[in-house]
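See below for the structure under consideration.
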Amino acid sequence: MLTIGELAAKTEVTIRTLRYYDKIGLLNPRHYKEGGHRLYQKEDVMRLQQIQSLKLIGFSLKEIKSLLDKSSVEQETLHIAIDSKLAHLKEEQNSIEKTISALYHIKTVTSNHQNIDLRLFCFVLYSLLWNEREKHSESELFIQSFTEEERKKLDQQYFTLYTELKYLAAKDLSPSSSQARQLYSNIQDLISRTIIEDKFSPTSLAISNEIFNPFTEKELRFLKSLSEHQKDQS
């Protein structure tokens with residue numbers, strides 16, 4: 001016979017769960033020691049294994065209790081539960097694979113930076129994981145199609161340029177400086193290689209979603225000043 005602690009250790013079920021199963025009549029020990037301590041026999045262990053198996057494929061404890069009162073179950077009953085569990089697991093698998101891919105992607109994107117702006121980092125990672133929820137409508141943006149490797153290189157370039165923009169904004173650099181003008185030109189060039197439509201400036205693209213962008217108000221003002229200076233020079 002096994003004590004409740006021994007059964008818990010053997011089956012990786014918590015003592016609390018075993019006590020609850022006893023309380024609801026799902027798994028009652030065959031014997032009790034003096035003082036009310038539970039003792040489980042081989043048959044109890046087998047029943048617990050059945051409970052674990054049926055719970056795994058999605059049956060509720062109430063359903064399991066009803067099923068275990070029978071010696072056999074119709075195939076359809078089990079196959080419906082199995083198909084439902086498989087669908088759920090495949091959905092989880094897809095989500096895990098997407099997360100793994102995004103983590104490798106962001107690791108590559110940030111590989112050339114010792115100090116990483118946290119707001120920019122979270123912006124990129126969030127866009128990778130939840131881009132389907134947040135992506136712009138077709139009427140707003142027309143993104144070129146890229147391979148995974150091309151997307152990584154582009155994101156690396158965006159990350160580097162946006163990191164530089166944040167650095168220059170923090171230094172209150174004049175938009176007329178050669179460094180600022182070169183930065184704006186580089187951002188424009190990158191956008192032209194990313195967006196099909198030519199109506200987007202770095203500023204309009206950055207604020208096209210006011211909630212979902214990696215810049216502070218100060219950085220957006222700096223970017224806007226670069227855009228205005230560019231217009232004045234043209």
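The first residue in the sequence is number 1, and the count goes up from there. FYI, side chains are in, hydrogens and waters are out, and symmetry mates aren't considered; it's all heavy atoms of this structure. As the structure is a computational prediction, the values presented were derived from the model and not from experiment.
Looking at Thr163, Val109, Ile116 one by one, the single match for side chain to side chain contact (heavy atoms under 4.5 Å, CB included) with Phe121 turns out to be Ile116. Of the residues listed (Lys85, Lys90, Glu92), the one engaging His88 in a side chain to side chain donor-acceptor pair (under 3.5 Å) is Glu92, and it is the only one.
The line from CG of Leu154 to CD of Gln156 is 9.5 Å long, rounded to the nearest 0.5 Å. Remark: Leu120 CG to Phe159 CZ distance equals 4.0 Å, nearest 0.5 Å. Note that OG of Ser177 is 7.0 Å distant from CG of Leu168, once rounded to the nearest 0.5 Å.
For the residue pair Thr160 and His113, a side-chain donor N or O sits within less than 3.5 Å of a side-chain acceptor on the partner.
For the pair Ser101 (side chain) and Glu97 (backbone), a donor-acceptor distance under 3.5 Å is absent. Although no hydrogens or angles enter the test, the distance criterion places a donor-acceptor pair under 3.5 Å between the side chain of Thr108 and the main chain of Tyr104. When atom types are taken as modelled, the side chain of Gln188 and the backbone of Ser185 share no donor-acceptor pair closer than 3.5 angstrom. With hydrogens and angles ignored, the 3.5 Å screen pairs no side-chain donor or acceptor of Gln157 with any backbone N or O of Leu190. Here the side chain of Ser192 pairs a donor or acceptor atom with the backbone of Asp189 at under 3.5 angstrom.
Lys152 and Glu149 are joined by a salt bridge, as a carboxylate oxygen and a charged side-chain nitrogen come within less than 4.0 angstrom of each other.
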**Message:** Could you go through Asp44 and Asn28, starting from their C-alpha distance and side-chain angles, then the distance that decides it, and tell me whether this counts as side-chain contact (heavy atoms from CB on, under 4.5 Å)?
**Reply:** CA-CA 8 Å; Asp44 299 321; Asn28 302 123; over 6 Å; no

**Message:** Walk me through whether Glu148 and His105 qualify under side-chain contact (heavy atoms from CB on, under 4.5 Å).
**Reply:** CA-CA 9 Å; Glu148 180 63 25; His105 188 103; 3.0 Å; yes

**Message:** Set out, in order, the CA-CA distance, both residues' side-chain angles and the distance that settles side-chain hydrogen bond (donor to acceptor under 3.5 Å, both in side chains) for Ser60 and Glu63, then state yes or no.
**Reply:** CA-CA 5 Å; Ser60 67; Glu63 290 170 330; 3.3 Å; yes

**Request:** Would you please test Leu7 and Arg38 for side-chain contact (heavy atoms from CB on, under 4.5 Å) and show each step?
**Result:** CA-CA 10 Å; Leu7 181 60; Arg38 299 168 177 83; over 6 Å; no

**Asked** Between Arg119 and Thr216, does a side-chain contact (heavy atoms from CB on, under 4.5 Å) hold up when you go through it step by step?
**Response** CA-CA 9 Å; Arg119 182 166 178 158; Thr216 64; 3.8 Å; yes

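Under the 6.0 Å cut-off for aromatic ring centres, Phe215 and Tyr162 qualify, their centroids lying closer than that.
The 12-atom threshold is exceeded at OH of Tyr32, counting heavy atoms of other residues, nucleotides or ligands nearer than 6.0 Å.
Counting only residues at least two apart or on different chains, no side-chain hydrogen bond (donor to acceptor under 3.5 Å, both in side chains) pair has a member in residues 71-80. Listed by first then second residue, pairs satisfying salt bridge (charged side-chain N to carboxylate O under 4.0 Å, His left out) with a partner in residues 155-181 read Asp117-Lys166, Arg151-Asp155, Lys166-Glu219, Asp172-Lys218, not counting sequence neighbours. Sorted by first and then second residue, the side-chain hydrogen bond (donor to acceptor under 3.5 Å, both in side chains) pairs involving residues 7-17 (not counting sequence neighbours) are Thr14-Thr17. A side-chain hydrogen bond (donor to acceptor under 3.5 Å, both in side chains) check over residues 47-57, counting only residues at least two apart or in different chains, returns nothing.
Under the rule for a side chain to side chain contact (heavy atoms under 4.5 Å, CB included), Glu91 has no partner lying at least two apart in sequence or in another chain. For Lys65, the side chain to side chain contact (heavy atoms under 4.5 Å, CB included) partners at least two apart in sequence or on another chain are Leu26.
Between Asp22 and Leu27, every side-chain heavy-atom pair lies at or beyond the 4.5 Å cut-off. Ser225 has its side chain within reach of Phe222: a pair of non-hydrogen atoms, C-beta onward, lies under 4.5 Å apart. With contacts defined as side-chain heavy-atom distances shorter than 4.5 Å, the pair Tyr158/Val124 does not qualify. At least one side-chain heavy atom of Tyr20 sits under 4.5 Å from a side-chain heavy atom of Leu61. Between Gln182 and Tyr184, the closest side-chain pair of non-hydrogen atoms is not below 4.5 Å. Between Ile187 and Leu226, the closest side-chain pair of non-hydrogen atoms is not below 4.5 Å. Proximity of Gln179 to Leu173: side-chain heavy atoms (C-beta onward) are separated by under 4.5 Å at one or more points. Residues Leu2 and Leu39 fail the side-chain proximity criterion, which asks for heavy atoms closer than 4.5 Å.
In terms of hydrophobic clustering, with Ile, Leu, Val, Met, Phe, Trp and Tyr side chains grouped at heavy-atom distances under 4.5 Å, Val13 and Ile15 are assigned to a common cluster. Ile80 and Leu86 sit in two unconnected hydrophobic clusters of ILVMFWY residues. Membership requires side-chain heavy atoms under 4.5 Å apart, directly or through other members. The hydrophobic clustering, which links ILVMFWY residues whose side-chain heavy atoms are closer than 4.5 Å, places Ile24 and Leu54 together. With hydrophobic clusters built from ILVMFWY side chains whose heavy atoms lie under 4.5 angstrom apart, Val73 shares a cluster with Ile51. Note: the hydrophobic cluster containing Leu68 also contains Leu78 (ILVMFWY, side chain heavy atoms under 4.5 Å, direct or indirect links).
Lys98 and Leu129 make their closest contact through NZ-O, 3.1 Å (heavy atoms, listed as atom of the first residue, atom of the second, distance).
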